[in-house]
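One structure below.
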Amino acid sequence: MEYVIEMLNIRKEFGNFVANDNITLQLKKGEIHALLGENGAGKSTLMNVLFGLYQPEAGEIRVKGQKVDIANPNIANDLGIGMVHQHFMLVENFTVTENIILGNELTKGGVIDKKVAAKKITELSEMYGLDVDPTAKIEDISVGMQQRVEILKTLYRGAEILIFDEPTASLTPQEIEDLIGIMKRLIAEGKSIILITHKLKEIMEVSDRVTVIRKGQGIGTVTTAETNPNELASLMVGRQVEFKTVKKDATPGEDALVIKDLVVQDYRGIDKVKNLSLTVRKGEILGLAGIDGNGQSELIEAITGLRKTKSGTVFINGNEITNLKPRKVTESGIGHIPEDRHKHGLVLDFPIGHNIALQTYYKEPIAKNGIMNYSKVSELAKKIIADYDVRTTGEDALARSLSGGNQQKAIIGREVYRDPDLLIAALPTRGLDVGAIEFIHQRLIEQRDNGKAVLLLSYELDEVMNVSDRIAVMYDGYIIDTLDPKKTTEQELGLLMAGQAKQRRSKQGETAHVE
Amino acid sequence: MSNRLINILVPAVSVVLGLLVGALIMLFTGYDPIEGYAALWNGIFGDIYAIGETIRQITPYILAGLAVAFAFRTGLFNIGVEGQLIVGWFAAAWVGVAFTDLPAFIHLPLAVLAAAVAGAFWGFIPGLLKAKLKVHEVIVTIMMNYIALFVTNALIRYVSDGGDNTGRIAESASLGSPFLQGLTDFSRLHYGILIALAMVFVMWFILEKTKTGFELKAVGFNQNASEYAGMNVSRNIILSMVIAGAFAGLAGAMEALGTFQYANVKGGFTGIGFDGIAVALLGANTPLGVVFGATLFGALQYGSLNMPNEAGVPVEIVSIVIAIIIFFVASGYVLRLFLEKISSKKEAK
């Protein structure tokens with residue numbers, strides 16, 4: 001079969017850094033070709049080369065057998081290459097039609113002819129089963145629908161080859177299923193797709209072939225039907241990956257975190273945490289399971305001092321920390337990996353080294369009599385960068401320039417290095433690839449094995465089941481049950497998370513609040 | 001083309017382009033650009049007196065530039081430099097007039113300090129409103145400018161029993177320097193330039209060397225992460241405005257204790273505070289950059305005064321020419337893009 005796109009032995013350098021080295025990717029007509037690699041492996045660089053945003057230092061690109069020079073994205077468009085970006089490029093207060101025709105407006109006597117465009121969009125939408133309303137405003141439609149607008153945008157411009165950059169990162173499970181349907185429909189209509197992802201499950205489900213890259217190197221291309229997730233993971237990471245986290249049994253000790261009758265409100269004054277009691281003991285990982293929006297974020301913000309409580313108490317090691325300022329909470333022995341690393345975890349415009357010192361900058365040896373000793377900041381940063389395998393050009397690189405996984409490793413390094421009695425990890429692996437996830441899970445288990453308490457908030461069933469020693473299920477502001485992961489199933493957990501509370505007291509002796 | 005070369009080339013080419021367009025305007029309006037620019041040059045560097053006066057003009061621009069740049073580095077837009085400068089001017093002049101028998105080593109520092117405190121207070125109010133009530137500092141500082149102008153006018157009338165001038169400050173509070181005046185053929189150059197340069201160092205030191213500077217910058221970039229890291233966000237916002245206000249107040253002291261030696265009722269704003277915004281932006285909000293920005297501004301402002309006298313170019317045309325030169329320097333970013341494009345094309349071939 002003919003290849004519609006061939007990228008042969010592509011090399012891309014940034015200064016001394018080789019982002020792509022000898023990568024070959026050949027896309028057949030009518031296939032879904034997955035491009036697999038860890039965060040920072042060079043997937044986006046390769047696609048930016050194809051899309052004309054970067055010029056390769058070596059190698060050649062062929063479209064339908066013809067050698068081409070893609071000097072800018074307009075040329076890529078003309079060649080029928082369209083990109084569905086991970087972060088949508090849409091104008092929020094424009095309609096679907098206005099967004100799609102933006103930069104490509106049909107005019108009649110100087111006036112934009114939206115009717116013709118809307119008609120074409122409706123036709124395309126029906127042809128591929130996208131079900132998009134051309135008159136809706138972007139700000140009024142769901143994330144999944146916005147993504148379809150992005151897809152329509154490329155189709156409207158006549159794309160034959162669609163690049164999807166991490167398309168499922170911000171979608172709900174239902175939206176992911178719909179997207180997979182759409183992708184299959186696109187293929188059926190003769191389009192070809194490159195799917196950038198690090199999610200093995202999706203690759204197995206949807207792709208025909210997979211090209212794997214690792215640390216900028218092309219590893220090879222395999223046929224999906226002839227491989228399995230384990231093989232893909234080891235190709236991607238370069239070693240065997242354990243999907244089932246290995247750990248000893250927990251040996252829980254005395255209570256570390258004790259929460260009693262806690263009530264927390266959101267900014268509108270609505271109770272989000274309702275009379276909640278919870279205990280985390282030393283030497284155990286307590287998994288806080290639940291569906292997003294059931295009060296988990298408010299609970300963690302209340303513990304860490306970022307949000308005021310309405311009533312109830314929080315104790316750490318027997319000392320009350322209710323409503324203390326964040327610094328006092330930190331100093332009482334709590335480490336906090338925040339849910340949103342860009343909002344709370346990092347000052348993105350600071351060097352990564354400054355960020356690593358963000359919780360200790362005010363103390364000796366870094367600050368003495370109000371004067372900063374930046375060589376001590378570098379010293380600390382270098383140590384954590386080495387110990388936690390943070391891949392960066394150096395401690396002076398802006399935090400913004402690191403990939404998500406490496407940003408997260410720096411945060412985890414910062415928090416674990418202080419050796420807190422309680423480590424709160426909120427969605428610590430969100431958006432990360434299997435290699436980074438495994439690394440982070442091991443750090444959490446290490447803390448536990450050192451006799452520290454760990455509170456793990458996660459929306460992923462796999463993660464909660466694999467890593468926790470005990471699972472507290474949160475629903476509508478209550479802990480509705482506490483489970484032993486060895487004695488429960490994903491089905492039971494799923495039902496509890498959906499609010500199907502059983503009328504029973506949990507084995508661990510905590511009150512199960514039932515409405 | 002190397003980055004280093006581009007960094008030097010951009011401001012140089014910008015100034016040349018600005019001068020060229022300015023020349024065209026003089027040409028079209030019927031004036032001789034060569035004569036005009038010769039007058040500008042003489043106005044700035046013509047003799048030792050002109051140089052002294054130029055430096056004197058640069059002094060308050062440095063401090064006004066710092067007042068904008070410092071706030072900007074911590075994420076705040078201080079449009080209130082004008083008002084902070086005016087209250088600083090009045091406070092310094094009042095201390096200078098009110099005490100007559102203090103020794104200079106007490107009187108002068110006291111007057112300078114009064115200006116800094118007054119400016120700091122004028123910055124504190126918008127800082128407090130921003131930190132506690134989330135009122136945008138741009139609105140508050142603009143309004144504070146008007147309050148400063150008319151309150152100080154009223155105070156001047158009050159202390160001078162209905163006059164429009166505080167009267168001359170005591171010699172013991174003056175920044176005037178017979179030594180510097182002697183060097184510059186009796187210009188009004190005063191010791192204030194040393195204070196301004198010291199403050200350039202102070203700003204650099206606070207931001208780059210102190211714990212407070214680390215916190216101020218962190219709060220400027222990301223308030224949420226700063227709060228997470230245990231910083232007191234409100235305190236840092238207020239502190240930033242207070243320090244910025246103190247710089248602006250000192251700019252007022254330069255006028256009160258150095259250049260004019262009095263405070264008078266003003267019909268409108270001095271403009272120095274607003275020019276400070278441009279000075280800070282020209283200097284990329286860095287302390288050293290502010291010195292360069294202020295030098296350009298101060299030199300052009302003072303030197304251009306000579307253009308009507310010597311070349312007969314009307315004041316209005318002079319203002320347009322000066323604005324165009326500054327416009328081109330400020331749009332150096334566009335030029336930089338252009339130069340980088342040329343150099344990348346050359347490398348590609």
Side-chain angles (χ1 to χ4, degrees), chain A residues 15 54-55 57 69 71 300-301 304-307 324-332 334-351 353-364 366-374 377 398-400 407 411 414-415 424 426, chain B residues 1-4 6 69 72-76 131-134 201-237 239-240 242-243 284-286 337 340-349:
Chain A
Y54 297 148
Q55 303 308 311
E57 261 73 47
D69 179 17
I300 285 175
E301 285 175 7
T304 52
L306 292 170
R307 186 182 287 276
L324 287 186
K325 291 246 160 66
R327 173 146 311 155
K328 296 279 175 214
V329 172
T330 304
E331 288 179 343
S332 71
I334 291 182
H336 177 198
I337 299 160
E339 180 176 329
D340 186 338
R341 56 179 166 263
H342 290 174
K343 187 176 174 195
H344 285 115
L346 294 167
V347 179
L348 286 172
D349 293 303
F350 259 1
H354 285 26
N355 275 289
I356 286 171
L358 206 57
Q359 297 273 32
T360 43
Y361 73 91
Y362 60 94
K363 288 192 295 203
E364 287 196 41
I366 293 174
K368 213 183 259 183
N369 304 323
I371 304 295
M372 295 288 284
N373 184 343
Y374 280 104
V377 173
L398 290 189
R400 189 180 286 293
Q407 290 175 345
I411 294 173
R414 174 178 80 206
E415 298 305 312
I424 299 174
Chain B
M1 212 177 298
S2 75
N3 255 337
R4 208 187 150 82
I6 287 179
F72 202 87
R73 287 291 289 276
T74 58
L76 297 165
K132 298 294 179 195
L133 299 173
K134 308 259 179 273
F201 174 79
V202 166
M203 168 166 165
W204 171 82
F205 187 81
I206 292 175
L207 285 179
E208 305 304 329
K209 290 289 154 193
T210 67
K211 188 182 89 182
T212 308
F214 185 89
E215 292 190 353
L216 287 168
K217 285 189 288 184
V219 170
F221 283 134
N222 185 343
Q223 294 191 6
N224 289 306
S226 304
E227 191 194 0
Y228 155 87
M231 298 170 191
N232 185 334
V233 172
S234 297
R235 196 191 80 109
N236 276 297
I237 288 174
L239 182 64
S240 170
V242 164
I243 294 173
N285 296 303
T286 63
L337 275 184
E340 275 168 356
K341 199 148 208 177
I342 292 176
S343 70
S344 73
K345 268 204 183 129
K346 266 187 191 155
E347 273 167 32
K349 278 171 194 166

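Just so it is clear, the structure is predicted and the values come from calculations on it, not from any experiment.
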Hydrogens and angles aside, do B:E215 and A:Y361 bring a side-chain donor and acceptor to less than 3.5 Å of each other?
yes
Can you see which heavy atom on B:G230 is nearest to which on A:P326, and at what distance?
CA-CB, 4.2 Å
Ignoring hydrogens, what is the shortest heavy-atom contact between B:N224 and A:K343? Give both atom names and the distance.
CB-O, 3.2 Å
So what's closer than 4.5 Å to chain B heavy atoms on A:H342: side chain, backbone, both or neither?
backbone
Contact winner vs chain B - A:I371, A:D340, A:D349, heavy-atom pairs under 4.5 Å:
A:D349
Between B:Y228 and A:E415, which heavy-atom pair has the shortest distance, and what is it?
OH-OE2, 2.9 Å
How long is the straight-line distance from CD of B:E227 back to CZ of A:R327, given to the nearest 0.5 Å?
12.0 Å
Please report whether the ring centroid of B:F214 lies less than 6.0 Å from that of A:Y362.
no
More than 12 heavy atoms from other groups under 6.0 Å of CZ on A:F350
yes
Which atom of B:A229 lies closest to which atom of A:Q359, heavy atoms considered:
CA-OE1, 3.7 Å
Which pair of heavy atoms, one from A:L346 and one from B:A225, lies closest together, and at what distance?
O-CB, 3.5 Å
Taking C-beta and beyond as the side chain, do B:E208 and A:M372 meet within less than 4.5 Å on heavy atoms?
no
Is there a donor-acceptor pair under 3.5 Å between the side chain of B:N222 and the backbone N or O of A:G345?
no
